[in-house]
Chemist: 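Below is the structure I would like to discuss, written out as structure tokens.
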There are 2 protein chains.
Amino acid sequence: MKKEEAIFRDFLKTKGLKLTKPRRIILNAVFSTHEHFNVDALYDIIRKRHKNVSRATIYRTMPLMIEAGLIKQALRCQAKDHYEHIFGHKSHLHFICDKCGKIVEKESKQVEKIIKDLAETEGFEIREFNVGAKGLCADCRS
Amino acid sequence: MKKEEAIFRDFLKTKGLKLTKPRRIILNAVFSTHEHFNVDALYDIIRKRHKNVSRATIYRTMPLMIEAGLIKQALRCQAKDHYEHIFGHKSHLHFICDKCGKIVEKESKQVEKIIKDLAETEGFEIREFNVGAKGLCADCRS
DNA sequence: TTTAATTTGAGAATCATTCGCAAAAATAAG
DNA sequence: CTTATTTTTGCGAATGATTCTCAAATTAAA
């Protein structure tokens, strides 16, 4: 069993919930991609093999995977919620193109360090960074 | 005429648009508050004095004010888009408390500088920063 | 004042997300 | 292997913020 599956199963167990077939299918779809994703894209991926997993179940599974610490709600783009992996991925910031919707990721320990220090002066305990900017990507600037 | 009104008028003129009465009312409502706001709250404020400004017009005016550099889309909270002032306010980042929902604002020119530099190496043109973190505020940590 | 262009309000339309519910699946117990 | 209990599912309907349509109103210029 893959590690993320074990994590998810254990998390569900602590909540008295079950790792069902649809939940496993959704988890696999989520970890079959290594980029940002949204429910619609996930639905398309899943439907190629499993005609009977509904959108509702995907929507219902997202918060569970977030609570399990596997993914996080990354940003909102073109009126859709987007998610990204936490498990197995480094923290990073996002540049979102307003025009084509492309998302560029960049790492910066420096930024997180500064933010963390600022938070400390405020007595604020950071659980999750949310750093980025919107604008125009190189392609769309022409 | 207030400065923000002049800015807005000038911006509109460059686009061949007009500073109409509803747009002026909306602008005033926006700058009557000094905190984050959403369209719904704005609608309530405006409706106290002007019964005939529609939600549609408010929604239509937001992107104009953003493009004019007066406000920016700050964050999404409770399924609603929230906005904040740029004009007359220093750029800042947000700490959002997961427990009580409180938003703490902090300034950091440094962070934006770093992000801007990162964007440049990518050919990305930033229109709007989006920097913050989620976690627990001082009060909720006890 | 006439004219041409932009805006408006009202309500309908859109679209992502959530809900309600009866049927299906999972787990535990016998 | 049944039965009983709980959780889950898929479906379609509901929700709610935002956007669109369009005829009437407003604007600014000639």
Side-chain angles (χ1 to χ4, degrees), chain A residues 1 5 8-30 36-47 49-68 71 73-83 98 101, chain B residues 1 5 8-30 36-44 46-47 49-68 71-83:
Chain A
M1 187 191 297
E5 206 169 296
F8 198 32
R9 174 175 41 65
D10 291 349
F11 162 78
L12 290 171
K13 185 167 271 176
T14 68
K15 307 270 287 186
L17 305 177
K18 301 156 189 171
L19 180 54
T20 60
K21 198 147 65 166
R23 283 180 183 150
R24 199 176 338 218
I25 290 168
I26 294 165
L27 183 72
N28 283 336
V30 163
H36 289 240
F37 58 92
N38 58 48
V39 168
D40 242 46
L42 223 50
Y43 183 75
D44 287 345
I45 293 171
I46 290 169
R47 277 289 169 136
R49 305 185 133 280
H50 308 278
K51 295 295 179 204
N52 51 346
V53 173
S54 75
R55 270 201 174 74
T57 301
I58 301 178
Y59 276 110
R60 282 187 285 235
T61 303
M62 289 300 146
L64 295 175
M65 289 178 46
I66 290 175
E67 214 186 330
I71 64 173
Q73 198 150 355
L75 45 87
R76 204 171 159 84
C77 187
Q78 293 168 326
K80 291 187 180 90
D81 286 332
H82 285 239
Y83 303 86
D98 285 323
Chain B
M1 187 191 298
E5 208 169 294
F8 199 30
R9 174 175 41 64
D10 293 348
F11 163 78
L12 290 170
K13 185 167 272 175
T14 69
K15 305 272 287 186
L17 305 177
K18 301 155 187 171
L19 180 53
T20 60
K21 198 145 67 165
R23 281 180 184 151
R24 201 176 336 220
I25 290 169
I26 293 164
L27 184 72
N28 284 335
V30 163
H36 290 238
F37 58 92
N38 59 48
V39 168
D40 243 46
L42 223 49
Y43 184 74
D44 288 344
I46 289 169
R47 278 288 170 137
R49 305 186 133 278
H50 309 278
K51 295 294 179 204
N52 51 345
V53 173
S54 75
R55 268 202 176 74
T57 301
I58 301 178
Y59 275 110
R60 282 188 284 234
T61 302
M62 289 299 147
L64 295 174
M65 292 178 46
I66 290 175
E67 213 186 331
I71 63 172
K72 74 173 206 179
Q73 200 151 353
L75 45 86
R76 205 173 158 85
C77 188
Q78 292 168 324
K80 290 186 180 94
D81 285 332
H82 285 239
Y83 303 87

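Treat the numbers as computed from the prediction; the structure is a model and nothing was measured. We name chains A, B, ... by the order of the sequence lines, and we start the count at 1 in each one.
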Chemist: I need the minimum non-hydrogen distance between B/R47 and B/S54, along with the two atoms involved.
Modeler: NH2-CA, 4.3 Å

Chemist: B/R9 CZ to C/dT6 P: how many Å, rounded?
Modeler: 19 Å

Chemist: Can you measure A/M62 atom CE to C/dT18 atom P for me and round it to whole angstrom units?
Modeler: 11 Å

Chemist: In this structure, how many angstroms lie between the C1' atom of C/dT7 and the CZ atom of B/F8, rounded?
Modeler: 12 Å

Chemist: If every non-hydrogen atom of A/V53 is compared with every non-hydrogen atom of A/I58, which pair is closest and at what distance?
Modeler: CG1-CG1, 4.3 Å

Chemist: Heavy-atom distance under 4.5 Å between the side chains of A/L75 and A/H36, does that happen here?
Modeler: yes

Chemist: A side-chain contact here means heavy atoms from C-beta on lying under 4.5 Å apart; do A/M62 and A/L42 qualify?
Modeler: yes

Chemist: Work out which heavy atom in B/I46 is nearest to a heavy atom in B/A29; give both atom names and the distance.
Modeler: CG1-CB, 3.5 Å

Chemist: Taking all atoms of both residues into account, what is the closest heavy-atom pair of B/C77 and B/H82, and its distance?
Modeler: O-NE2, 3.4 Å

Chemist: How close do B/I71 and B/Y83 get, heavy atom to heavy atom, and via which atoms?
Modeler: CD1-CD2, 4.1 Å

Chemist: Shortest non-hydrogen contact from A/L12 to A/K18?
Modeler: CD1-O, 3.6 Å

Chemist: Figure out the NZ/C1' separation between A/K51 and D/dC11, and round it to whole Å.
Modeler: 17 Å

Chemist: Does anything in residues 12-25 of chain B reach DNA chain D, meaning a heavy atom under 4.0 Å, and if so which residues?
Modeler: B/K18

Chemist: Roughly what angle, to 10°, lies between the helix axis at the start of the helix from C/dT1-D/dA30 to C/dG30-D/dC1 and the one at its end, five pairs per end?
Modeler: 30°

Chemist: For residues B/L27 and B/R23, determine if any side-chain heavy atom of one lies less than 4.5 Å from a side-chain heavy atom of the other.
Modeler: no

Chemist: Polar atom pairs between nucleotides 14-23 of chain D and protein, under 3.5 Å, N or O only, would you list them?
Modeler:
unit_1	atom_1	unit_2	atom_2	d
D/dT18	OP1	B/D81	N	3.0
D/dT18	OP1	B/D81	OD2	3.1
D/dT18	OP2	B/Y59	OH	2.7
D/dT21	O4	B/R60	NH1	3.4

Chemist: Distance only, no hydrogens: is a donor on one side chain within 3.5 Å (strictly under) of an acceptor on the other, for A/R55 and A/Y59?
Modeler: no

